[in-house]
Number of protein chains: 2
Amino acid sequence: MASSAPDGLTPRAREIVAAARAILEEDGLEALTMRRIAERLGIRAPSLYKHFPDKEALEAAIISAAFEEQAAVFERAVEEGDEPLAALGAAYRRFALAHPHLYRLMTDRELRRDLLAAGVEDRAGLTIYRAAGEDTDRARAAWAFAHGMAMLELTNRFPPGADIDAAWHEGIRAFRDG
Amino acid sequence: MASSAPDGLTPRAREIVAAARAILEEDGLEALTMRRIAERLGIRAPSLYKHFPDKEALEAAIISAAFEEQAAVFERAVEEGDEPLAALGAAYRRFALAHPHLYRLMTDRELRRDLLAAGVEDRAGLTIYRAAGEDTDRARAAWAFAHGMAMLELTNRFPPGADIDAAWHEGIRAFRDG
DNA sequence: GTCTATATCAAGATAGAC
DNA sequence: GTCTATCTTGATATAGAC
């Protein structure tokens with residue numbers, strides 16, 4: 001009975017994931033401790049281990065849900081925009097800026113794919129592939145461009161006053177025309 | 001007398017930086033602790049604080065030196081190659097793959113610019129700017145592409161068997177022609 | 001420039017009772 | 001499903017002697 005849901009989580013486990021994600025988004029990755037998560041739920045840290053075997057499994061649950069969410073956002077953006085690559089680029093940046101800590105958790109380290117829900121990683125990738133004219137190499141290059149732009153903006157690497165919009169446009173243009 | 005060298009470091013401080021960098025490159029960022037650094041030098045951790053005010057200052061010294069090194073590599077690559085953007089892309093990837101942990105320390109978080117040696121961050125940027133035909137937006141976009149490619153490869157995000165070379169070529173081509 | 005001793009803090013995780 | 005009590009580990013950093 002514990003895992004008939006699509007995400008394989010019990011209702012209580014889902015509450016824990018929600019609390020964890022809220023802490024992550026509000027205060028960043030270093031704030032994401034078992035104690036903090038428990039505290040937010042009004043319980044003690046050891047109790048969490050009745051629901052997840054360890055912290056990594058809990059993080060994987062956050063990441064799985066976030067991938068689904070991101071893919072849905074991407075799909076909608078392409079549907080509603082006229083130029084797929086431009087629409088996707090804008091949606092990519094918006095997601096990263098709206099959820100900086102979550103975005104870094106999702107992208108900035110090796111993935112424990114064995115702990116993720118199946119197929120969850122590919123869905124967003126497929127949207128990019130299609131927007132890039134179903135050219136694998138171009139899709140990967142465009143993805144790297146978007147990821148690089150997002151990370152450089154999140155880590156504050158562009159010079160103060162840099163026109164980040166213009167750099168995005170230039171990149172999108174290059175991958176559309178080039 | 002302590003800071004007449006170009007990097008502002010005493011000889012002993014430079015030895016400490018070298019030990020720290022070796023640990024970083026061999027075992028990664030979590031291994032970079034004051035205890036480990038001291039151990040490698042045959043001393044105790046508290047002694048390090050006679051040479052650096054805190055760990056952040058020591059990290060900044062590693063980063064400053066690495067930026068200089070990277071800039072020199074980039075400059076040489078452009079000089080020796082015929083196509084600047086391609087030469088620079090290849091050098092960029094080579095540097096990141098040869099020094100994965102160092103590269104991440106340099107790029108993957110906010111920079112404490114106040115602790116870095118002056119101008120050290122701009123030198124590599126200038127090389128990219130020139131290779132991109134002195135177009136600021138294109139230079140930033142190409143930089144983001146390179147950074148994204150490097151990070152996705154380092155974090156193992158491309159599917160197994162993905163032709164990463166081909167994706168690099170596609171991106172370089174787009175920024176050259178597009 | 002190095003030492004010992006120590007302060008301070010906080011993390012993930014387990015055992016076993018209720 | 002939650003609790004208390006605890007283990008184990010390890011980090012940065014300071015004080016003060018030599």
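Atoms considered below: every heavy atom in the structure, side chains included; atoms not considered: hydrogens, waters and symmetry mates. Quick note on labels: first sequence line is chain A, next is B, and so on, each numbered from 1.
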Peer 1: Out of the candidates A/T10, A/I37, A/L9, only one should pair with A/I16 under the side chain to side chain contact (heavy atoms under 4.5 Å, CB included) rule; please name it.
Peer 2: A/I37

Peer 1: Would you say a side-chain N or O of A/S47 is under 4.0 Å from OP1 or OP2 of D/dC3?
Peer 2: yes

Peer 1: In whole angstrom, what separates A/L32's CG from C/dA10's C1'?
Peer 2: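 Nearest whole value for this atom pair: 15 Å.
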
Peer 1: Among the candidates D/dA17, D/dA13, D/dA5, find the nucleotide nearest to the side-chain atoms of A/P46.
Peer 2: D/dA5

Peer 1: State which of C/dT2, D/dA13, D/dT2 makes the closest approach to the side chain of A/I43.
Peer 2: D/dT2

Peer 1: With the threshold set at 4.0 Å, does a side-chain nitrogen-carboxylate oxygen contact exist between B/E26 and B/R36?
Peer 2: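 Looking at B/R36 together with B/E26, the answer is no, because their closest N to O distance does not fall below 4.0 Å.
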
Peer 1: Please confirm whether the shortest side-chain N or O distance from B/R44 to OP1 or OP2 of C/dT4 is below 4.0 Å.
Peer 2: yes

Peer 1: Look at the side chain of B/D137 and the backbone N and O of B/R140, then say whether any donor-acceptor pair between them is shorter than 3.5 Å.
Peer 2: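 No; zero donor-acceptor contacts below 3.5 Å.
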
Peer 1: Students often get this wrong, so: under 4.0 angstrom with heavy atoms, is B/R35 touching a base, only sugar-phosphate, or nothing?
Peer 2: base

Peer 1: Rounded to whole angstroms, how far apart are CD on A/E56 and C1' on C/dA11?
Peer 2: 15 Å

Peer 1: Please confirm whether the shortest side-chain N or O distance from A/R12 to OP1 or OP2 of D/dT2 is below 4.0 Å.
Peer 2: yes

Peer 1: Rounded to the nearest angstrom, tell me the gap between atom CG in A/D54 and atom P in C/dA11.
Peer 2: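 So the CG-P distance, A/D54 to C/dA11, works out to 17 Å.
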
Peer 1: What integer distance in Å separates B/E39:CD from C/dC3:C1'?
Peer 2: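 So the two atoms are 17 Å apart, to the nearest Å.
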
Peer 1: Counting any heavy atom closer than 4.0 Å, what does A/K50 reach on the DNA or RNA strands: base, sugar-phosphate only, or nothing?
Peer 2: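 The answer is base, as A/K50 lies within the cut-off (heavy atoms under 4.0 Å) of a base atom.
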
Peer 1: With nearest nucleotide decided by heavy atoms, which residue, A/Y49 or B/G42, maps closer to the 5′ end of DNA chain C?
Peer 2: B/G42

Peer 1: Quickly work out the A/I37 CD1 to C/dA10 P distance and round it to whole Å.
Peer 2: 16 Å

Peer 1: I need the CE-P distance between A/M34 and D/dC7, as an integer number of Å.
Peer 2: 21 Å

Peer 1: Is the shortest side-chain N to carboxylate O distance from A/E15 to A/R12 below 4.0 Å?
Peer 2: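 Yes.
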
Peer 1: What is the distance, to the nearest angstrom, from the CD atom on B/E30 to the P atom on C/dA10?
Peer 2: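 For the pair B/E30 CD and C/dA10 P, the rounded distance is 22 Å.
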
Peer 1: Could you state the CZ-P distance from A/F52 to D/dG1, rounded to the nearest angstrom?
Peer 2: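 In whole Å, D/dG1 P and A/F52 CZ are 11 Å from each other.
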
Peer 1: Under a 4.0 Å N-O cut-off, is there an ion pair linking B/R93 with B/D165?
Peer 2: yes

